[in-house]
Amino acid sequence: MSFLDIRHYKYLTSSIDRNLDFSAFMDFEHHYQVSENKHEYSIERSYFSYKESLVENTVDSSIQSIMDMESKLIPIFAQMERTGVYVDEKKLRDIGEDIARESKNKELEIYDLVGERFNINSAKQVQVILFEKLGIPVSKKIKTGYTVDNEALSLIGQKYEIANIILQYRTLEKLRSTYIDGLLRVINPHTKRIHTTYNQLGASTGRLSSESPNLQNIPSGSGYPARIKSCFCPESSEFSFLVADYSQVELRILASLSGDTSLIETFVRGEDIHTRTARFLFGEDATITSELRRIAKSVNFGVIYGITGFGLSKVINTSPAEATKYIDTFYAMYPGVRAYYQSILDGANKNGYVETFYGRRRYIPGVRDSNKMIRAGAEREAINMPIQGTAADIIKLAMLRISNFLKEGTYKSRMLLQVHDELVFEVHESEKDMMEKQIRSIMEGVFPGPLKLLVDIHTGANWSEAKG
DNA sequence: ACTGGATCCA
DNA sequence: GATGGATCCA
């Protein structure tokens with residue numbers, strides 16, 4: 001059985017809006033009104049999406065292999081959605097009660113400090129309380145007044161404790177509303193599992209996205225986030241969770257695609273890439289503190305995002321001039337990266353699109369725009385896409401091969417989730433060691449070239465424990 | 001305005 | 001119901 005979502009071809013060969021649902025797409029692209037009757041709609045959708053009825057022979061040959069891969073992935077994502085992931089509902093509820101209790105205390109503490117009750121969830125009301133009632137000096141202006149975002153409140157918090165408590169309250173409320181109440185609401189009463197929906201081309205780079213609920217942004221870290229993640233677990237004690245994630249995948253891809261010898265050497269030697277960059281930035285003999293490493297890490301990631309001095313300065317909380325110095329040093333130390341980026345921009349200008357290692361395209365008309373800001377934004381998108389997109393291709397290819405492997409045997413283990421550079425499985429105890437070996441071998445074997453991709457694998461009784 | 005997303009709230 | 005602000009993720 002072969003499937004095709006006819007939107008995919010358009011998305012991959014033009015700059016058409018990817019946010020169109022099927023009916024909007026049919027209207028826009030084919031001037032066809034789909035039926036409002038659910039039954040007829042499903043028949044129409046099946047009909048138009050069925051491979052044999054469609055573009056099979058007209059697909060641009062350069063995009064053929066990506067189209068082929070996406071087609072083969074359709075039933076795999078469908079199966080993962082159908083399988084779902086088990087969640088310990090009682091445990092999640094209990095954690096929710098702990099959070100609610102702590103949140104309530106923070107709330108009362110805030111009212112006490114301010115001397116009145118107000119809606120802390122309303123940014124507008126927080127503005128009034130902080131900047132008008134308490135007369136705290138304002139920071140950055142936004143459309144609706146002055147921002148009370150994380151950055152602003154952290155700064156204010158150095159002098160006024162109230163800001164810190166509001167931040168703590170917000171963190172707790174985010175966890176409670178989105179990850180306790182939000183998840184409890186979508187546990188399927190029949191399966192007791194959560195069934196997300198994967199948007200196969202949810203991102204313009206080729207990444208998946210996940211919605212209803214989004215299982216790609218479950219909080220990580222210690223404390224409540226770890227407790228929440230621990231609620232995702234196997235339904236039976238005969239199974240464990242297995243988490244396999246690509247190590248530093250985007251920086252390794254940047255090294256491979258750019259061919260930068262310094263970057264490649266660092267990975268080949270097994271050095272810590274952030275510490276390596278830190279020594280470039282702060283001197284070979286400098287003591288690399290966790291703070292310096294953190295800055296270097298931001299620079300490394302920033303480079304993948306099409307870094308600007310202004311943007312980096314915001315992230316590492318320094319002056320744009322200082323940030324620009326770091327960026328210049330980075331390019332001086334990894335000269336192949338700058339040359340590679342120039343070649344991407346040249347290609348984008350010439351073709352109107354950029355592409356991944358596997359030939360996935362993204363059309364970026366903005367690189368030819370006369371507006372400098374729009375052009376700069378488009379150039380950042382152009383630079384990021386081949387890296388993020390190649391990473392997306394790699395894990396999609398790995399999923400295809402893993403799915404085929406799982407299908408060949410009569411295994412009890414199942415692939416459950418994908419979180420961009422990470423795959424989550426529930427594995428049967430009897431298959432655990434073998435699965436670990438096979439999954440690693442498949443994932444590491446997808447991407448060719450001298451610089452090997454590495455995969456970290458951890459197992460445990462739940463998603464938190466298996467995170468390693 | 002350093003990439004790409006989704007969700008909650010007012 | 002739509003939108004902007006804030007915050008969670010890779």
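Order of the sequence lines sets the chain letters (A, B, ...), proteins ahead of strands, with each chain counted from 1.
- Across the P atoms, C:dA10 and B:dC2 are found 23 Å apart, a figure rounded to whole Å.
- Looking at residues 380-389 of chain A, you'll see A:Arg380, A:Glu381, A:Asn384, A:Gln388 sit with a heavy atom under 4.0 Å from some atom of DNA chain B.
- A nucleotide of DNA chain C counts as in contact with chain A when one of its atoms lies under 4.0 Å from a heavy atom; the first and last such, 5' to 3', are C:dG5 to C:dA10.
- Of the residues in residues 216-233 of chain A, those with a non-hydrogen atom less than 4.0 angstrom from any atom of DNA chain C are A:Gln216, A:Asn217, A:Ile218, A:Pro219, A:Ser220.
- Judged by distance alone, with hydrogens and angles left aside, the side-chain atoms of A:Tyr198 form a donor-acceptor pair with the main-chain N or O of A:Gln418 at under 3.5 Å.
- Judged by the 6.0 Å and 45° rule, A:Arg276 forms a cation-pi pair with A:Phe280.
- Each salt bridge (charged side-chain N to carboxylate O under 4.0 Å, His left out) pair with one or both residues in residues 300-315 of chain A, not counting sequence neighbours, would appear here, but there are none.
- Listed by first and then second residue, the salt bridge (charged side-chain N to carboxylate O under 4.0 Å, His left out) pairs involving residues 366-382 of chain A are A:Arg362-A:Glu381 (not counting sequence neighbours).
- Near-neighbour residues of DNA chain B inside residues 115-126 of chain A, defined by a heavy atom below 4.0 Å, number-ordered: A:Asn119, A:Asn121, A:Ser122.
- The ring pair (Phe, Tyr, Trp, His ring centres under 6.0 Å) analysis of residues 373-394 of chain A, with sequence neighbours excluded, yields no pairs.
- Nucleotides B:dG5 and C:dG1 are separated by 26 Å at their P atoms, to the nearest Å.
- A donor-acceptor pair under 3.5 Å is absent between the side-chain atoms of A:Arg207 and the main chain of A:Gln388, judged by distance alone.
- Taking the C1' atom of each, B:dT3 and C:dA2 are spaced 26 Å apart, rounded to whole Å.
- Applying the ring pair (Phe, Tyr, Trp, His ring centres under 6.0 Å) definition to pairs two or more places apart or across chains, those involving residues 301-327 of chain A are A:His274-A:Phe301, A:Phe282-A:Tyr326.
- Between the CG atom of A:Leu251 and the C1' atom of B:dC2 there is a distance of 14 Å, given to the nearest Å.
- A heavy-atom distance below 4.0 Å to DNA chain C is reached by none of the residues of residues 336-349 of chain A.
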Give the table of side-chain donor-acceptor pairs shorter than 3.5 Å for residues 331-347 of chain A, with sequence neighbours excluded, one pair per line with atom names and distance.
residue, atom, partner, partner atom, Å
A:Tyr334, OH, A:Thr277, OG1, 2.9
A:Tyr341, OH, A:Val303, O, 2.6
A:Gln342, NE2, A:Asp346, OD1, 3.1
A:Ser343, OG, A:Tyr340, O, 2.6

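- The list of ring pair (Phe, Tyr, Trp, His ring centres under 6.0 Å) pairs with a residue in residues 362-397 of chain A, not counting sequence neighbours, reads A:Tyr353-A:Tyr363.
- We find that the ring of A:Tyr305 and the base of B:dC2 do not stack by the test of centres under 5.5 angstrom and planes tilted less than 30°.
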Exercise answer: donor-acceptor pairs, residues 142-152 of chain A side-chain atoms, under 3.5 Å, sequence neighbours excluded:
residue, atom, partner, partner atom, Å
A:Thr147, OG1, A:Asp149, N, 3.1
A:Thr147, OG1, A:Asp149, OD2, 3.3
A:Asp149, OD1, A:Glu151, N, 3.3
A:Asp149, OD1, A:Ala152, N, 3.0
A:Asn150, OD1, A:Ser154, OG, 3.2

